[in-house]
Enquirer: 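Please read through the structure below; I'll follow up with questions.
Remember, it's a predicted structure, so these values are computed and weren't measured experimentally. Every heavy atom of this structure was used, including side-chain atoms; hydrogens, water molecules and symmetry mates were not. Naming convention: chains lettered A, B, ... in sequence-line order (proteins, then strands); numbering from 1 in each chain.
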Amino acid sequence: MFNRGTCGSAEHVSRRGFLSGATTGAVSALGFSGMTKVAGANELRSQQKRVVLFWLAGGVSQLETWDPKPGTDTGGPFLDIPTSVPGVNVCELLPYTARQMHHLAVVRGVNTKVNDHGKGAYFMQTGHPQTPGFEFPYLGSALSSLLVRPDNPLPGYVCIGGGGSAKESSFLGPRFVPVAVADKPPANMRIADGLTAEEDARRRELRARIGDRFAKGRRAATTEVYDESFDQAAALIAQRDVFDFTGIPDSEVDRYGGGEFARHCLMARQLVEAGSTFTKVTHRNYDTHSENFNFHVEQLGEFDQPFATFVADLADRGLLEHTLVVVMCEFGRTPRINQKMGRDHWGTAWSVALGGMGIQGGAVVGATNANGTKVVDREVHGGHLFHTYYRAVGLDPTADFVHDGRPFTKAKAGSEAIEEILA
Amino acid sequence: MNRHLRSSPLLPVLSVTLLAFVGVVPGVFAAPPAVEFAQRDLERARLLADAANEQAKSASQSPELAAVAAAEAAKKSLDALLAKRTAELQTTEAARKKSASALAATEQAAAKAQAAVDAATAQLTKATAAERQAASLRDRSRNALALAEADLAKAKEAKADGEIDARELLVTAARTQLASAESAVAKAVETVKRDTASLATTKTAFANAETQVAAATAELGRATGRVEAAKAQRDEAKTLVDQAAQLLEKVKKQAQPAVEAEKAAAQQAAKAKALLAAATARHQRVSEHADPPDPKALHEIAKYTFARPAIAVRFEPTGRSVVAGVQEKTLHRQDLLTSERTTMSGHRTWVRRLALQGDDLLVSGDYSGGLAWWDPSADSPEPTRVVDAHEGYVRGVAVSPDRRFVASGGNDGFVRVWDAGTGQLVAEMDGHQRLSKVAEYADTPQRVFVNHVYNVAFDPTGRYLVSGDLVGVVKTWEVGTWKPVRDLDASPLHVYDKTFRAHCGGIRGIDFSPDGKLVAVCGIGEVTNAFAGVGKPTACVFDVESGERLAVLKPAANFQGACWSIRFHPSGEWLVGAGGGGSGSLWFWKPTEEKSFHAVKTPHVAYDVDFHPDGLRLAVALYDKTVRLYDLLPATKPAPATPAK
């Protein structure tokens, strides 16, 4: 079926959107109680572990990226090129990324056995095959719930280039629902027109006094959460510049190769620099059932330079060692070239790239056969990858989530981390 | 040395049919009539058949084969000798056997004679003893008589009467006794005499038998000697036969290639004969066929199979072969007459487009930006020049009719013109590239968009170069100045798919009418889903001078897919488009009629199509890893109408 896999439409996020977790959830992970307690940005920057997920929606072709097979019946017209890692070649459509391969590891033996956008996206982002009636938390929600420092006022899970679904946080609750950001800063992030900072502070002081009087003798979790929502809002407003991307200079966009995706990578960089925990950058339209090669020229032409520049920038700024970078999608594309010069859905033998925190740059694990129709070495699936992400950021993937007294495994049973690429 | 015998300069017979067939435009290359190509094929088939016959003849006369024949004859005569010697041996062996039995018989007879001698000897011994006994009795009887007579005499002297009588009686008795004894002696003597004679007889017989045995023994010895001699001769013959057999084997081994060559040459001759018959028949049919080619007669006549899907196909202007680009880095030249295939290596990856002009210039463009020059008439064509022409793919290649220029267009949005003779860059046009920044085509200001040049073509008069791009813009350039003349609006061949945020379409095929007045471009129109390739095969036809779009062509039937290639029939009367989506098809259009007047289903999606310069055949490159040859000449001559009664 021709079925588009994106995580939904990008919409401007509102302050209400940001705060939905605190206002409606029973649990708040935010342990601060006022803007006075907001940690300094510098401290945050040095301590917060971060993850950036590049989601190539629709399913990028592994043959046109990480696992080229030039000259074979399935290889397509493109050649392969050497990279900064001797002996590791990638497709010629990734010339910029090739120069950053020493920061990246490639897993070439992914077999999820899933050829459906929805099921593939689910498996790759939850670490579990889809089962009806239950939703595991998505990677962004799961990792941010475990990694967000209590003093970090920023939303744990931010989406660029496409919004996420509220379902993604599952039992982790609204606090870890993905929050979409776009080029423009979120609405209602500024102090109401006509108010000065002092007047606003006085307003909040008044609210706090009234609230304290109300709370006296009837302090409860719900009132705390309610209070915290105001605190978080205040903290967020104090950090609002994090979400104001209007300051990104055109020269930087040009340096990133220009265009929307370059801008999105710069937005991600800004979030990473500010200490935002989990950022998902979606690059859409890889579902190339027709004219796979033409569209991959264009898609990867958009992706390559911004992505590679982003990785290089993070490395230059000393941020890569605190940031796990993952490039994945719902599945790869068929080795068989169809009659429309396209490639179809293919979960049987494809690749995922990752790098940064906890990952051994330049490592390649797993292999497919000569024309890429089968994994012949170190076969892994979404579960193995999930274990690997957890381990890379220093978390124990075998410690279950506990919800309502019930344990939930973090990734598909029977899988373990891909040790070969862990630093 | 060229693979083909060069044909005579093209001297088209400008018959009335030809004039009607191709039209005559000053300065426009006029293809020779179909019959000329059939004639050329016939001549070539004849030459090939002659050469093959000569080859077969000479192959059958090779010294190696003669040596085999001589060795075979030698062996045959030695085989006969051996047979003769073997028969002789058998005869002598039979004779020896006979002699042996004769010897045995004589030996038996001799033994018998020996026994007779022994018996006679015993008899004689016995008789001699009896004689001696009888003589002894006689002597004793004689003594007894003498005693009795003495006693009688004494008695008489004594006159003892009583005693005389008695004594007389005793004397009488003694006399009787003596008589009897004497008779016995005589009888015994007789017996001895008889037995002595008998012994002598047996001894003589034995001596005779002995003589016979000796004679038979000697005869057996001689017979055995004859057998030995015959055996030796037979063995000698056998050795000779073995030697001859070894020699034959050796000679045969040495002659193996010659034998195979002879076989191959014979097969080749048979094939050449069949080709000649076919070419003769085709020549006759083409000569007799006066009607203009009709797409409705189209039928497949040959299928060439490759390892990968075929994506580009062009005939050599000589009409001798078809060159195919498939999903691999090698090109293939397929001889139409002989079906011989030659692999052409030199590109780094798939070849997207082929352009041929004249009988010795082919330029091909690949997916990694490379152009390669070839002499397609060479025995084993190799690139004579390679040029890195574009960033990304070369999507279009064309050679000007005067063979001075090669034009290319590619993914980098540029059209470049090269000196065909030196490979030097002559001109670079960025007209399409500049459209990348035009808001109408750049989908959002945030998105980087590079317009791709999809194809290029020179018009047959040599005045214009046209180039078409992804966004449906066809630019006309003046050859020489390389200045833009006008743009043609082929926007039906482009859609910006808002869902997938992608441009879809592109000018995939371009072709001019033979008189250069019309240009047709093709691709996919009405795209509703860019990534699934859902749209309609579409072509646009323009008036070159005015730039007016005369028609937007589509299949008459509802069909989803793309029109990958389009060609004007050399008559200029109609066009063929090749393409497909779920399945493949050829569509036939009149230049200004929007709906196809005919369509033919192909076995799979068709990526390219080209007309043979004879205007009767067309080659189609297909996804099913084949290039198929179709014929417009009716398959069989219609049966003569039966006169009505």
Enquirer: Would you sort out whether B:Arg628 and B:Thr626 count as a side-chain hydrogen bond (donor to acceptor under 3.5 Å, both in side chains), showing the intermediate values?
Expert: CA-CA 6 Å; B:Arg628 289 169 200 257; B:Thr626 64; 3.1 Å; yes
Enquirer: Going by atom types only, do A:His117 and A:Asp287 share a side-chain donor-acceptor pair under 3.5 Å?
Expert: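 Side-chain D/A pair, A:His117 to A:Asp287: present.
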Enquirer: Go through the atoms of B:Arg352 and report whether side chain, backbone, both or neither lie under 4.5 Å from a heavy atom of chain A.
Expert: neither
Enquirer: Taking side chain as everything from C-beta outward and backbone as N, CA, C, O, which of these in B:Arg308 sits under 4.5 Å from a heavy atom of chain A? Side chain, backbone, both or neither.
Expert: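 The side chain, not the backbone.
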Enquirer: A:Asn294 versus chain B, heavy atoms under 4.5 Å apart: side chain, backbone, both or neither?
Expert: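 For A:Asn294, heavy atoms of backbone and side chain both lie under 4.5 Å from chain B.
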Enquirer: Please determine whether a side-chain nitrogen of the Lys or Arg among B:Glu526 and B:Lys554 lies less than 4.0 Å from a carboxylate oxygen of the Asp or Glu.
Expert: yes
Enquirer: Could you look at A:Glu291 and say if it's the side chain, the backbone, both or neither that has a heavy atom under 4.5 Å from chain B?
Expert: side chain
Enquirer: Under a 4.5 Å heavy-atom cut-off, does chain B meet the side chain of A:Ile337, its backbone, both or neither?
Expert: both
Enquirer: Quick one: what part of B:Ile311 sits under 4.5 Å from any heavy atom of chain A, side chain, backbone, both or neither?
Expert: side chain
Enquirer: Please indicate whether A:Lys69 has more than 12 foreign heavy atoms, meaning atoms of other residues, nucleotides or ligands, lying under 6.0 Å from its NZ.
Expert: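 Correct, the count exceeds 12.
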Enquirer: For B:Tyr454, does the six-membered ring have the charged nitrogen or CZ of B:Arg395 within the cation-pi criterion, i.e. under 6.0 angstrom from the centroid and within 45° of the normal?
Expert: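 Checked: cation-pi criterion met.
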Enquirer: Using distance alone, with no hydrogens and no angle criterion, decide if A:Thr97 and A:Asp304 have a side-chain donor and acceptor under 3.5 Å apart.
Expert: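 The criterion, which ignores hydrogens and geometry beyond distance, is satisfied for A:Asp304 and A:Thr97.
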Enquirer: Which bit of B:Asp624 is near chain A, if near means a heavy-atom gap under 4.5 Å: side chain, backbone, both or neither?
Expert: neither
